[in-house]
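Sequence lines set the chain letters: A, B, ... in the order given, protein chains first and strands last, and positions in each chain run from 1.
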Amino acid sequence: MIEYLQKLISQALTDLKIEYDDEIVLERARRPEHGHFTANIALVLSSRLRKPPLRIATEIRDLFPEQPDLIEKIEIAPPGFINFFIAPAAFQKIVTQVLAKGDNFGRNDIGRGRKAQVEFVSANPTGPLTVGHGRQAVLGDTVARILEWNGYVVDREYYYNDAGRQMRILGQSVYIRYRQLLGYDDELTKEHYQGEYIREIARSILDQHGDKYDGQSDHAIFRQSAEEAVFTDIRDTLAELDIVFNSYYNEKSLYEDGLIDDVLKRLAERGATYEKEGAIWFRAGKYGAGDDRVLWKSVVDEATYRLPDIAYHETKIKRGYDLIVDIFGADHHATYPDVLAGLQALGYETDRIRVLIHQFVTLTRGGEKIKMSTRQANYVTLRELIEEVGKNVVRYFFIMRGMTSHLNFDLALAKTESDENPVFYLQYAHARICSILRNAVAKGFNDDQRGDLSLLAEEETLALLSTLDEFSEVCRNCSETLEPQPLTSFLHKLAATFHKFYTVHRVISKDRELSKARLDLVRAVRFVLANGLNLLGISAPERM
RNA sequence: GCCCCGAUAGCUCAAUGGAUAGAGCAUCUGCCUUCUAAGCAGAGGGUUGCAGGUUCGAGUCCUGCUCGGGGUACCA
């Protein structure tokens, strides 16, 4: 509906011989006396045209064609707003549109089938996923779902490194637990991984191989068993959130394929690196990324993390993605400018790369902070969180705040108040509608019978119709910003508008015609609720 | 020191530069003979951290502070 009004305003501007290339802003009015939509175009143009905004607004309004079935009236309000009051008939049409598109209502084709990749989680397999990883996992998967919904073909990729120092320490940790199980009094140090899972891995090695590896602390079995067990756990945990990666990328392959050396060589050829104190430095400053950084260490003969990161991102570009989304926690915000600078140094444009930085999760239990380090034993895993509150609540909580906000997750609250959780509010609306629809079948209403939509005219009904209309805008907005949070606000609003409608108006009544029209309406609401919940990966139950 | 994010109701958070800043939780008051009360209606609760600036108009943009979180490694 907004697009249509924009077109009409644009036409009016042309008629007035006013050039205006920016988007014509149309907002949903917050207050009923301001109509349904409001345009500030006259205020925006005022200073440029050196004309009072009220006059411009009036001129625009006077050029609007009469169409009583769409626009009831147009009011000009000081200091220069143009307020549109939409006719009920225009809102009533939305029901037809929703029912026609059904599961696909709200989709658009911004992506036009282009390839997108979302890389997220990317935790090295040193331990179970934490609650902090959970936020990133849910954010990444939801962004991927939004992109798919908006016409992209999306790959979900998990990047990891199983060769570094942390993995060696992991193996040693398993070995020490193994020794303890054999009766030795070896002790873990602060350096080692303390979690119970280490002991379990050690026990399984003991069960399978006995004391065969006693004295072989560097034996690969310790590290490999740990990696396999941890990765299996990570995969299973994510699967419980309905998050499935279709691609895993091992950093090691960058070395095996010679890409690390290759990138380093090409950077040198392009004069993007220099040697100092035996190390190879990258001229990050020259490419707009702040201070120069070491790419290749002198104290040890190996790369810093930046070099494989650059090589890895080059593969993303070479793999033909039109849109590349990187999701990082706030602790990694300093690394991506170097990567982008590195790509530019290699001659690439980086505007197809979108980096999303999300802030941390503060986990509390009854007001007390819980530290979330994989190294320490005392932390809450993502798996435990899912077991406590369930997939739907986890997904909703992690997405209900903007990614730039710190997220406060009180475990005690999430547990004790799970019955009053906002996610149930949305699901309840869906279940209620399903209940009505079951009742309709019992009363002999046919699914295919369409009602007379002009009967949908009460205040609460029109509010519901208007909210349905908003869904497409929210979807489009989310696909542009890659911020899923507004979807939760929208769904909450839709559910609230429905619940209010429900308490005021009875869907199935003796008035057969009105009942048919209202059934069409609630069917449409159900589709939009279900589509929105599905975008968030939250189930839409038919009964509760 | 420098860089990034935040600061809005008692708490957790919304609000593409728009009109009288909104929800949930918590606290009070009402509403189930009726398609699901996991719901609805109502009340109280605010100098949007501080000080300037930009303009028709600022919670939003700019500058400087204060406080909190994260970076600033030849750790990832």
Side-chain angles (χ1 to χ4, degrees), chain A residues 23 25-27 29-31 33-34 38-40 42-44 46-47 52-53 77-81 83 122-124 126 161 164-166 251 276-281 290-291 293-306 308-309 329-335 337 357-360 362 367 397 400-410 413 417-429 431-440 442-443 473 477 480-481 485-486 488-489 492-493 495-496 498-509 515 518-519 522 543-544:
Chain A
E23 192 187 356
V25 176
L26 268 159
E27 279 191 320
R30 290 195 195 170
R31 311 180 65 80
E33 59 266 35
H34 297 152
T38 178
N40 67 350
L43 291 157
V44 174
S46 172
S47 65
F81 293 107
N83 294 331
S122 296
N124 288 337
T126 57
N161 174 18
R165 175 168 171 271
Q166 301 308 324
E251 182 184 324
K276 191 174 90 181
E277 295 161 2
I280 299 175
W281 291 69
D291 299 334
R293 307 289 186 188
V294 169
L295 284 184
W296 199 273
K297 304 174 192 178
S298 62
V299 291
V300 194
D301 191 32
E302 64 181 26
T304 66
Y305 63 89
R306 292 189 180 84
D309 275 2
D331 55 338
H332 280 61
H333 78 39
T335 72
I357 306 288
H358 66 88
Q359 297 300 310
F360 284 166
T362 307
F397 267 65
M400 70 190 288
R401 305 297 181 216
M403 69 179 95
T404 57
S405 283
H406 289 87
L407 182 82
N408 197 313
F409 204 119
D410 192 316
L413 209 68
E417 297 201 333
S418 60
D419 276 6
E420 296 177 11
N421 214 287
V423 66
F424 291 112
Y425 184 77
L426 311 183
Q427 293 181 314
Y428 185 53
R432 257 185 164 175
I433 293 172
C434 291
S435 175
I436 295 169
L437 296 179
R438 283 191 298 270
N439 194 272
K443 295 256 170 70
E473 293 156 33
N477 186 34
E480 282 165 6
T481 60
Q485 188 278 333
T488 63
S489 295
H492 188 272
K493 179 180 174 186
F498 167 73
H499 284 310
K500 178 159 184 173
F501 164 84
Y502 175 91
T503 49
V504 179
H505 302 293
R506 210 183 150 72
V507 175
I508 300 170
S509 64
S515 300
R518 285 183 176 164
L519 280 168
V522 298
R543 294 171 202 273
M544 285 176 76

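Comparing V300(A) and A495(A) by the nucleotide of RNA chain B whose heavy atom lies nearest to each, the residue mapping closer to the 5' end is A495(A). Both Q359(A) and M544(A) lie close to RNA chain B; mapped to their nearest nucleotides by heavy-atom distance, the more 5′-ward contact belongs to Q359(A).
The shortest distance between the side-chain N/O atoms of Y305(A) and the OP1/OP2 oxygens of rA76(B) is not below 4.0 Å. Residue S405(A) has a polar side-chain atom (N or O) positioned under 4.0 Å from OP1 or OP2 of rA14(B). The shortest distance between the side-chain N/O atoms of R432(A) and the OP1/OP2 oxygens of rA37(B) is below 4.0 Å. Checking the phosphate oxygens (OP1, OP2) of rA37(B), a side-chain nitrogen or oxygen of Y502(A) falls inside 4.0 Å. Side-chain nitrogen and oxygen atoms of K500(A) include at least one within less than 4.0 Å of the OP1 or OP2 phosphate oxygen of rA41(B). The phosphate of rA19(B) (OP1 or OP2) has a side-chain N or O of R30(A) nearer than 4.0 angstrom.
A stacked arrangement is not assigned to F81(A) and the six-membered base ring of rG18(B), the conditions of a centre distance below 5.5 Å and an interplanar angle below 30° not being jointly met.
At least one side-chain heavy atom of Y428(A) sits under 4.5 Å from a side-chain heavy atom of H499(A).
With both ends at atom C1', the span from rU16(B) to rG53(B) equals 24 Å, rounded to whole Å. The gap from the C1' atom of rG70(B) to that of rC75(B) amounts to 16 Å, rounded to the nearest Å. Atom C1' of rC13(B) sits at a distance of 23 Å from the matching atom of rC50(B), rounded to the whole Å. Atom C1' of rA76(B) sits at a distance of 30 Å from the matching atom of rA7(B), rounded to the whole Å. When the P atom is used for both rA58(B) and rG69(B), the distance is 33 Å, rounded to whole Å. The gap from the C1' atom of rA26(B) to that of rA9(B) amounts to 12 Å, rounded to the nearest Å. Straight-line distance between the P atoms of rU47(B) and rC5(B): roughly 27 Å, to the nearest whole Å. Only the P atoms considered, rG45(B) is 42 Å distant from rG1(B), to the nearest whole Å.
Among the heavy atoms of the strands, none lies under 4.0 Å from H358(A). Looking at heavy-atom distances under 4.0 Å, A330(A) makes contact with sugar-phosphate atoms alone, never a base. Nucleic acid contact class of E480(A) (heavy atoms, under 4.0 Å, all strands): none. Contact annotation for G402(A): backbone-only contact, meaning every heavy-atom pair under 4.0 Å involves sugar-phosphate atoms and none involves a base. Residue A77(A) is in base contact, counting any heavy-atom pair closer than 4.0 Å across all strands shown. Using a 4.0 Å heavy-atom criterion, one finds that R293(A) contacts the sugar-phosphate atoms exclusively. Heavy atoms of E302(A) sit nowhere under 4.0 angstrom from any nucleic acid atom. Counting non-hydrogen atoms under 4.0 angstrom, S509(A) reaches nothing in the nucleic acid. Heavy atoms of E27(A) sit under 4.0 angstrom from at least one base atom. At the heavy-atom level, A279(A) lies under 4.0 Å from base atoms of the strands shown.
Of all nucleotides listed (rC35(B), rC74(B), rG18(B)), rC35(B) comes nearest to the side chain of N439(A). In this structure, of rG39(B), rG18(B), rA76(B), it is rG39(B) that holds the atom nearest to the side chain of T503(A). You'll find that the side chain of H492(A) is closest to rG24(B), out of rG24(B), rU72(B), rG18(B). Distance from the side chain of I508(A) is smallest for rC35(B) among the nucleotides rG22(B), rA14(B), rC35(B). Out of rC74(B), rC35(B), rA19(B), the shortest distance to the side chain of R506(A) is found at rC35(B). Taking the side chain of E251(A) as heavy atoms from C-beta on, and the options rU16(B), rA76(B), rA37(B), the nearest nucleotide is rA76(B). Each of rC56(B), rA76(B), rC5(B) was ranked by its minimum atom distance to the side chain of K297(A); first place goes to rA76(B). Listed nucleotides: rC74(B), rC13(B), rC40(B). Nearest to the side chain of H499(A): rC40(B). With distances taken from any side-chain atom of H406(A) to the nucleotides rG69(B), rC74(B), rA76(B), the minimum falls on rG69(B). The nucleotide whose nearest atom lies closest to any side-chain atom of D331(A) is, among rU16(B), rU20(B), rG70(B), rG70(B).
Straight-line distance from the CG atom of L26(A) to the P atom of rG18(B): 13 Å, rounded to whole Å. Rounded to an integer number of Å, the gap from L426(A) CG to rG39(B) P is 11 Å.
A distance of 12.5 Å separates OG1 of T38(A) from CZ of R31(A), quoted to the nearest 0.5 Å. Distance check: R401(A) CZ to Q359(A) CD gives 15.0 Å after rounding to the nearest 0.5 Å. Expressed to the nearest 0.5 Å, how far CE of M403(A) lies from CD1 of I357(A) amounts to 9.5 Å. The line from CD of E302(A) to CH2 of W296(A) is 8.0 Å long, rounded to the nearest 0.5 Å. Here CG of N408(A) is found 5.5 Å from OG1 of T362(A). Values are rounded to the nearest 0.5 Å. Distance check: N124(A) CG to R165(A) CZ gives 13.0 Å after rounding to the nearest 0.5 Å.
Checked by distance alone, N40(A) brings a side-chain donor or acceptor within 3.5 Å of a matching partner on the base of rG18(B). T304(A) contributes no side-chain N or O that forms a donor-acceptor pair with the base of rC74(B) under 3.5 Å. For N83(A) and rA19(B), a side-chain-to-base donor-acceptor distance below 3.5 Å is present, hydrogens and geometry of angles not being considered. Interface remark: the H333(A) side chain does form a donor-acceptor pair with the rG70(B) base, using a distance-only criterion of under 3.5 Å. Evaluation of atom-type donor-acceptor distances gives no pair under 3.5 Å for the side chain of T488(A) against the base of rA14(B).
Pairing of rG10(B), defined by two Watson-Crick or G-U wobble distances under 3.5 Å, is identified with rC25(B). Across every strand in view, rU72(B) sits in a pair with rG1(B) that passes the Watson-Crick or G-U test at under 3.5 angstrom. With a 3.5 Å ceiling on both atom-pair distances, the Watson-Crick or G-U wobble partner of rC50(B) is rG64(B). In this structure, rG39(B) forms a base pair with rC31(B), meeting either the Watson-Crick or the G-U wobble geometry with both donor-acceptor distances under 3.5 Å. With a 3.5 Å ceiling on both atom-pair distances, rA58(B) lacks any Watson-Crick or G-U wobble partner.
Using cut-offs of 30° and 60° on the angle between ring planes, the pair F409(A) and F397(A) is tilted.
Here the closest non-hydrogen pair linking T304(A) and V294(A) is OG1-O, 2.9 Å.
A syn base is found at rC32(B): its glycosidic angle is within 90° of 0.
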Exercise for the section: Take Y502(A) and I436(A) through the side chain to side chain contact (heavy atoms under 4.5 Å, CB included) test and state the conclusion after the steps. Expected result: CA-CA 10 Å; Y502(A) 175 91; I436(A) 295 169; 3.8 Å; yes

